[in-house]
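Comments concern the structure below.
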Amino acid sequence: MALWTPILAVLVLATAACAPQPAPGGAPSTSNRVSGDGSIPDNESISLNDNAHAAIANLDPALLAAVREAAVEAQARGVELRVTSGWRSAEFQQRLFDEAVTRYRSEQEARRWVQPPDKSKHVTGKAIDIGPTNADDWLIQHGADYGLCQAYANEMWHFELLTTRGGQCPQPIGDSTG
């Protein structure tokens, strides 16, 4: 661990310097936003360092810094954290919700998996979906060290900052309906 400590410190400082600066209230500034709807093609993922992609660049700076720091430790353990979804525009979130309503044939069932834009933490940049499964498992076990917690029991890939660094994660709620 001693070798990783200086490297981790450099990466954390570099990550903080590259992160969008928060606007008053903690949300990323709209003037720093990268254009695009945040979509990542199905069954694909992107790097946490893809600052040119709206799904990464428009994340809440504190969430992005925590996930990047966790990724350094995970990589040292042979696990790569990949982003399957991050920030999403309200329009993209609405399309996902509409598709879920069609798929599940009711708004109530769709909300178990996808929230409308006014309820989605992805739209505010305060949620990130991670893959592959071994990365999810690693983050479920070690995420609290960085404040990251699995939010929903039915979505092992969905993480939010739900505790302080080194704190204890709350029990994931059953699904996004609460």
Write down the atom of [X], the atom of [Y], and the distance for their closest heavy-atom approach.
X	Y	result
A66	Y146	CB-O, 3.5 Å
P170	C149	CD-SG, 4.0 Å
Q115	S176	NE2-O, 2.9 Å
G38	A54	N-CB, 4.0 Å
Q93	V114	NE2-CG1, 3.5 Å

message = Return the CG to NZ distance between L161 and K126, rounded to the nearest 0.5 Å.
response =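 These two atoms lie 8.0 Å from each other.
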
ask   = With respect to L64, which candidate in V83, L59, N58, I128 satisfies the side chain to side chain contact (heavy atoms under 4.5 Å, CB included) definition?
value =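 One option only clears the test, and that one is L59.
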
inquiry  = Going by salt bridge (Lys or Arg N to Asp or Glu O under 4.0 Å), name the pairs with one or both residues in residues 85-102, residues two or more places apart or in two chains.
reply    =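 Every pair satisfying salt bridge (Lys or Arg N to Asp or Glu O under 4.0 Å) with a residue in residues 85-102: D37-R95, R88-D129.
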
inquiry  = Under a 3.5 Å distance rule, please check whether H53 uses its side chain to pair with a backbone N or O of S39 as donor and acceptor.
reply    =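 Yes, because the side chain of H53 sits within donor-acceptor range (under 3.5 Å) of the backbone of S39.
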
task = Answer yes or no: is there a donor N or O on one side and an acceptor on the other, between the side chain of T163 and the main chain of Q168, under 3.5 Å?
result =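 Answer holds: yes.
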
task = Sorted by first residue and then second, give each side chain to side chain donor-acceptor pair (under 3.5 Å) pair with at least one member in residues 103-112; sequence neighbours left out.
result =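 Qualifying pairs, neighbours excluded: E109-R112, R112-D175.
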
Sequence neighbours excluded, every pair satisfying ring pair (Phe, Tyr, Trp, His ring centres under 6.0 Å) that has a member inside residues 158-178 =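 Sorted result for residues 158-178: H122-H158, Y152-H158.
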
